[in-house]
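All chains are named by letter (A, B, ...) in the order of the sequence lines, taking the proteins before the strands, and each is independently numbered beginning at 1.
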Amino acid sequence: MNIINIRDLKVFYRTHKGKLRAIDGVKFSLNKGESVGMVGESGCGKTTLALSILKLLPPRGYIEDGNIFYKGEDLVQKSEREMRKIRGNEISIVFQGAMNSLNPVKTIGEQISEGLLLHTNMSKVEAFDKAKESLISVGISPDKLIEYPHEFSGGMKQRVMIASALVCDPQLLIADEPVTALDVMVQAQILELLNRLKQEKKLSLLLITHDLSVVAETCDKIVVVYGGKILEYANIEDSLLHPYSKELFRSFPNINGPRILSKGILGTPPNLINPSRGCRFEPRCNQSLKICVKEEPRLIEVCDQHFVACHRLKTSGA
Amino acid sequence: MVKIEIKNLKVWFPVRTSFLKSLYSKKHQYSHAVDGVSFKIKEEEIFCLAGESGCGKTTLAKAMIRLIKPTSGTVRYSGVDLLSIGKNEFRSYRRKLQIIYQDPYSSLNPKKNVFNTIAEPLKVHNFIKNFSEGKDIITQILEEVELTPAESFFGKYPHELSGGQRQRVSIASSLVLNPDFIVADEPVSMLDSSVRTEVLYMMLRLKKKRKLTYLFITHDLSLAWLISDRIAIMYLGKIVEMGPTDEVVSNPQHPYTKALISVIPRPTSGVKHKKIILKGNPPDSMNIPAGCRFHPRCFEAKDICKRAEPSIVKFNKNHYVACHLLSQKRKP
Amino acid sequence: MREYLIKRIIIIILLIWTIVTVNFVLFRMIPGDPVRLLFFDPRITAEAQKKLASNFGLDKPLYGQYFIYLSNLVKGDWGKSFLYREPVLGIVTKRLFNTLILLVPAVLLAVIIGNLLGVIAAWKRGTKIDTSILSFVLICWSLPAFWLGIVLIIVFINIFPISGMTSVGSEYLSIFQQIKDVLYHMILPLVTESIVLVGEYTLIMRGTLSEVLTEDYITTAKSKGFGDFYILRNHAVPNAMLPMITLIAINFGLIVGGAIQVETVFSWPGVGRLMYDSIMTRDYPVLQGTFLVVAIAVVLVNFMADILYPYFDPRVKLK
Amino acid sequence: MKFRIRLNIKGIIGLTIILVEVFFACFPSLIVFHNPHEMNYSAIFLGPSREHLLGTDEVGRDIFSLLIFGTRASLMVGFIAVGISTTVGSIVGLLSGYYKGIISEVLMRFTDLFLAIPRLPLMLVLVALVGQSIWNIIIVIGLLLWSQVARIVRSQTLSIREKSFIERGKAFGYSDFRIIIFHILPNVLPLVFANAILLMGSAIYYEVTVSFLGLGDPTHISWGMSLHYAFESSAILYRAYWYIIPPGVAIVITVLAFTLIGNALDESFNPKLRER
């Protein structure tokens with residue numbers, strides 16, 4: 001059963017130069033208990049997607065078209081009031097900037113328990129007890145509940161963020177670059193924590209990152225996003241097939257593999273205000289065909305549960 | 001040939017104690033950012049300094065090119081003691097020792113266009129008399145960093161460039177003075193992954209062409225592994241392990257190095273390797289633990305580690321390690 | 001905390017000492033014969049003047065005069081007014097009370113209304129409500145206090161008393177009657193002072209709150225499912241109030257500036273009016289005294305803000 | 001160096017007002033047909049009429065002429081006083097922000113002291129002591145407003161000097177002077193400029209207040225002096241609104257105009273202030 005099912009989602013931003021097509025027809029679903037990693041370069045629309053699921057887009061952004069089904073209900077149609085019941089309660093999010101994501105003048109305990117007070121009928125005392133539990137589960141001593149965030153290190157803040165996101169036992173956790181600004185060792189600690197909580201709580205996870213290796217270590221499935229489109233969707237064990245995914249994969253050093261430095265993907269990311277008619281990746285692709293300029297490839301299933309949007313694969317597959 | 005050699009380099013920063021305390025106690029507190037480091041970098045070598053943030057790697061590198069004043073120790077560049085010469089004498093070495101910064105958004109003056117950014121050091125060092133004279137040099141250097149057509153970049157301001165392009169401009173302005181020793185302080189950590197390899201690739205190409213020596217600073221061991229000849233792992237102002245990159249990565253001896261290598265994320269799933277995740281807080285250079293600096297977080301710590309600080313010893317050819325366990329293993 | 005306090009107190013003592021010194025130097029810079037101006041009242045006998053001169057150490061060199069000046073200040077001997085022939089300190093303290101009666105409620109009113117308007121404007125940023133609040137507030141901000149006072153007098157001349165603190169020649173049957181009379185006289189000056197101050201507070205509140213509203217923790221709160229009003233009240237405003245505490249104190253000079261004008265226009269017998277009168281009559285000892293009192297008051301208010309601040313901001317509590 | 005100035009509507013309105021006033025100040029005689037100094041005791045406290053557009057004052061001078069001629073004093077105070085305070089403030093701010101050590105500490109404390117002393121009382125005392133002339137007033141205002149500029153420039157300098165392009169300049173061997181003048185200054189200049197415009201409003205406000213409180217230059221025509229005379233001559237009791245309203249409105253409009261331009265500039269230089 002899928003918990004999130006996104007159909008032909010289009011999310012645009014109003015800018016001075018015109019409509020910026022941040023997400024341009026995205027289709028994918030996330031099954032219950034599954035963890036999906038979404039990778040792509042900055043500006044590819046992955047954060048926008050996370051924000052649109054919770055309908056927390058900035059004022060300039062809006063959902064132009066499409067549906068986001070959560071347990072069969074379309075979130076796009078829901079009112080702000082209805083969305084508030086879902087946010088933090090059924091779908092939670094952890095942001096990148098853990099440094100500033102906590103309110104400096106409220107205690108950790110207040111900030112973890114406030115979600116409970118809103119979404120459940122718990123009394124303050126009960127909520128505080130639950131917050132304590134939640135803090136312990138992320139590996140922080142419960143006597144820190146009465147402390148303020150400024151006394152915490154970056155890694156600890158991110159743990160608190162995870163605790164407060166999970167305190168209402170949501171069905172789905174969206175983690176937007178949860179380890180990006182953190183040190184290597186702390187990064188490993190947080191990823192381990194996410195992996196553990198995922199199993200303990202049977203959580204569905206949507207992990208958004210630019211780092212392919214983070215996805216490889218935490219997720220069951222991988223989604224490669226480029227220029228507001230999904231180029232590939234695969235099980236994590238499968239080897240990636242799209243030329244872009246391959247290049248991306250190559251640009252991450254693998255200390256188990258050969259010591260070769262790739263040249264990188266030459267060229268610049270696509271213009272999302274006036275996108276080309278063909279494949280978005282075509283200008284930077286070293287394997288492009290004539291058809292790539294004219295026609296946009298559709299996402300097709302090349303083998304079981306492995307979708308790729310590339311003309312080359314369609315022709316070779318057929 | 002040794003390009004640059006440091007011996008027992010220390011950089012201590014005085015810690016601002018409270019106003020009152022400074023009245024009644026004369027004792028100054030210091031943050032031991034770099035606490036006695038020695039190594040040599042050979043000509044045309046890529047030497048990598050790796051470690052967690054706050055371990056002192058950037059401070060050390062900046063002290064080596066006299067951007068920060070070291071507390072004690074020596075820095076020899078091509079045989080000259082850089083720290084003992086006067087300001088004016090040092091000026092002629094200034095252009096030989098350059099640095100590339102991490103953040104391409106703050107390393108360029110937002111009010112200067114590309115041309116002026118690159119021309120200014122030329123003019124200050126009397127390579128050119130006025131800005132218009134530098135046109136050929138600047139065109140050439142921009143082409144070298146793959147910003148073509150060069151003329152189209154002359155009038156651009158930093159905010160009109162992408163992160164990768166800014167970093168290229170930054171590299172161009174460092175290279176225009178024909179330096180031979182470059183400190184690269186996490187030059188790609190703020191760039192997108194695909195741009196990252198592009199810039200690294202270019203840096204290696206420039207190294208070959210211009211016969212540069214790099215001191216590469218990174219917290220990302222996989223990057224270090226990818227490009228460097230030798231590597232030094234730093235922890236709390238000291239080097240804990242140093243040696244040829246291949247050997248250190250494939251056969252780490254210090255527990256800290258072992259842990260760091262084990263947590264490197266691999267882009268391939270499947271082969272699950274065992275991770276050594278260190279507990280405890282990241283190091284704080286103001287409260288350096290007694291004994292081995294690493295012992296509070298070490299998973300193999302013994303009694304001796306709490307008492308005595310290990311010195312760095314040869315493990316085998318060119319591979320040095322500072323750990324008690326190693327010498328204990330060897331004794332019997 | 002104790003250390004913080006001691007440090008603040010040391011700074012405050014240094015500040016007051018500097019102000020006192022500045023005061024001493026200033027009044028000896030007067031063109032002509034400063035000493036004569038300050039200490040020799042043309043209206044008293046030569047013998048008395050001589051006595052005065054030795055009292056103030058005028059026969060001694062400058063540094064000697066300075067120490068005598070300091071010790072006199074500490075002893076409470078601030079000189080004698082030319083006009084009232086009374087000790088300056090007594091006059092100033094009496095007037096200070098009157099000033100406080102007017103200023104405390106005026107500032108409170110301005111802070112409350114200003115913050116309220118600021119919060120509304122920031123919350124509705126970019127809407128018509130914001131624009132109208134902003135226009136109103138900018139006009140308030142540009143109004144010279146004295147002129148606003150005069151305009152209010154012209155408009156309300158027949159409705160409210162326009163001058164003084166009490167009705168002339170009135171005898172009160174009870175204390176309540178007296179309070180009522182004072183309150184009645186207070187209306188126009190109070191309104192004037194409040195209007196002049198409200199602009200500053202609104203602008204500051206609007207500015208800081210709009211910045212706070214872009215912080216990450218506001219987005220976090222939204223992602224937890226809270227409504228706008230909850231977030232505003234529980235997350236944004238408490239953070240935006242912090243800089244307000246310091247800013248009100250830093251801008252205390254503004255309050256004082258307003259008070260001088262308002263008291264002058266409405267003949268309110270406070271320190272401000274005293275300052276005006278002393279300028280008009282060239283009553284230098286009084287001018288010197290009032291300036292000293294006002295400057296020290298500003299310093300003390302800043303000190304209080306520094307002391308109070310840690311109670312509101314957990315980030316500085318430990319220092 | 002490159003400045004990109006985009007004024008919003010409010011800024012353009014403000015700028016227009018100031019330009020008109022500058023015109024009045026330069027060529028007042030083109031607009032009025034009475035000599036503002038001309039007294040006429042047979043025509044005192046006259047209400048507005050065709051002859052005297054805004055009536056006359058207690059000595060029979062034409063108020064409209066006084067108003068137009070008064071522009072000159074206000075603008076002069078605004079420009080010159082702000083010129084002084086911005087120059088002094090920028091230098092102090094740059095030096096105390098760039099250098100660390102005793103000089104910087106002393107400069108900072110000095111700035112704080114000036115910020116702490118209430119301005120209006122100090123101005124009154126100073127003007128009362130040095131004598132009431134327009135130049136004294138300008139200098140006093142100029143010398144009392146610099147601390148505000150210094151504080152802003154200092155905090156901006158502190159944040160810029162932490163940027164790596166400054167350290168990079170040192171790696172290139174640039175002198176401190178070059179770094180301050182060619183690298184820090186261009187980055188603080190937009191802010192200084194916006195702030196200077198805002199300060200002009202304050203300077204005019206202070207001049208008017210000082211004049212009203214009886215310390216103005218009696219030989220110069222200014223809005224503050226007009227209001228001072230109005231107050232002293234009991235124009236209130238005559239309910240001579242034509243005497244009291246126009247100078248006040250002129251002051252409000254001028255201060256407001258400078259504020260609007262300053263805010264618009266601030267917004268255009270500081271993206272964080274722009275509408276979300």
Side-chain angles (χ1 to χ4, degrees), chain A residues 47 50-51 53-59 80-108 110-120 146-152 157 160-161 164-168 170 173-174 176 181, chain C residues 1 4 115 119 121-131 205-206 208-247 305 308-319:
Chain A
T47 297
L51 293 176
I53 292 176
L54 284 166
K55 297 225 285 184
L56 282 175
L57 288 165
E80 174 67 17
R81 186 177 283 268
E82 288 168 313
M83 279 312 293
R84 276 187 214 148
K85 291 198 181 111
I86 291 173
R87 290 180 199 142
N89 191 21
E90 304 208 27
I91 306 176
S92 279
I93 186 162
V94 175
F95 293 107
Q96 170 181 4
M99 281 315 191
N100 308 316
S101 289
L102 289 166
N103 191 333
V105 301
K106 301 190 102 187
T107 63
I108 300 301
E110 281 173 321
Q111 297 192 53
I112 299 179
S113 60
E114 68 173 355
L116 284 168
L117 295 174
L118 175 75
H119 295 296
T120 66
I146 48 163
E147 285 184 12
Y148 289 91
H150 69 100
E151 291 152 30
F152 282 44
K157 281 184 187 166
V160 171
M161 286 309 293
S164 93
L166 295 183
V167 73
C168 292
L173 177 70
I174 302 174
D176 186 4
Chain C
M1 186 63 212
Y4 178 79
N115 281 346
V119 169
W123 193 20
K124 302 275 177 197
R125 184 148 187 181
T127 64
K128 277 199 179 124
I129 299 174
D130 177 33
T131 316
M205 190 62 189
R206 178 179 179 271
T208 43
L209 189 59
S210 327
E211 219 161 277
V212 166
L213 283 173
T214 63
E215 295 281 351
D216 288 345
Y217 52 80
I218 300 296
T219 323
T220 305
K222 271 186 202 159
S223 76
K224 286 182 186 170
F226 289 107
D228 286 347
F229 188 70
Y230 176 92
I231 293 172
L232 192 71
R233 203 188 56 196
N234 287 286
H235 287 277
V237 173
N239 274 290
M241 284 305 285
L242 293 176
M244 281 303 289
I245 299 168
T246 347
L247 282 167
L308 284 177
Y309 192 79
Y311 287 98
F312 295 99
D313 192 341
R315 281 167 292 190
V316 293
K317 201 164 249 170
L318 288 174
K319 292 240 168 109

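Using modelled atom types, one side-chain atom of A/R87 and one backbone atom of A/K55 make a donor-acceptor pair closer than 3.5 Å. Under the 3.5 Å distance criterion, the side-chain polar atoms of C/E215 are left unmatched by any main-chain donor or acceptor of C/V212. No donor-acceptor distance shorter than 3.5 angstrom exists from the side chain of A/Q111 to the backbone of A/S164, with no hydrogens or angles considered.
Residue C/I218 does not touch chain A at all, counting heavy-atom pairs closer than 4.5 Å. Looking at A/E114, both its backbone and its side chain come within 4.5 Å of chain C, counting heavy atoms on both sides. Using a 4.5 Å cut-off between heavy atoms, C/F226 contacts chain A through both its backbone and its side chain.
Counting heavy-atom pairs under 4.5 Å between each of A/L56, A/I86, A/L118, A/L54 and chain C puts A/L118 at the top. In terms of non-hydrogen atom pairs under 4.5 Å with chain C, the most contact-rich of A/G115, A/G88, A/C168, A/P104 is A/P104. For chain C, the option among A/H119, A/K85, A/M83 with the highest count of heavy-atom pairs below 4.5 Å is A/H119.
Between the side chains of A/T47 and A/D176, at least one donor-acceptor pair of N or O atoms lies under 3.5 Å.
C/D228 has no carboxylate O lying under 4.0 Å from a charged side-chain N of C/K222, or vice versa, which leaves the two without a salt bridge.
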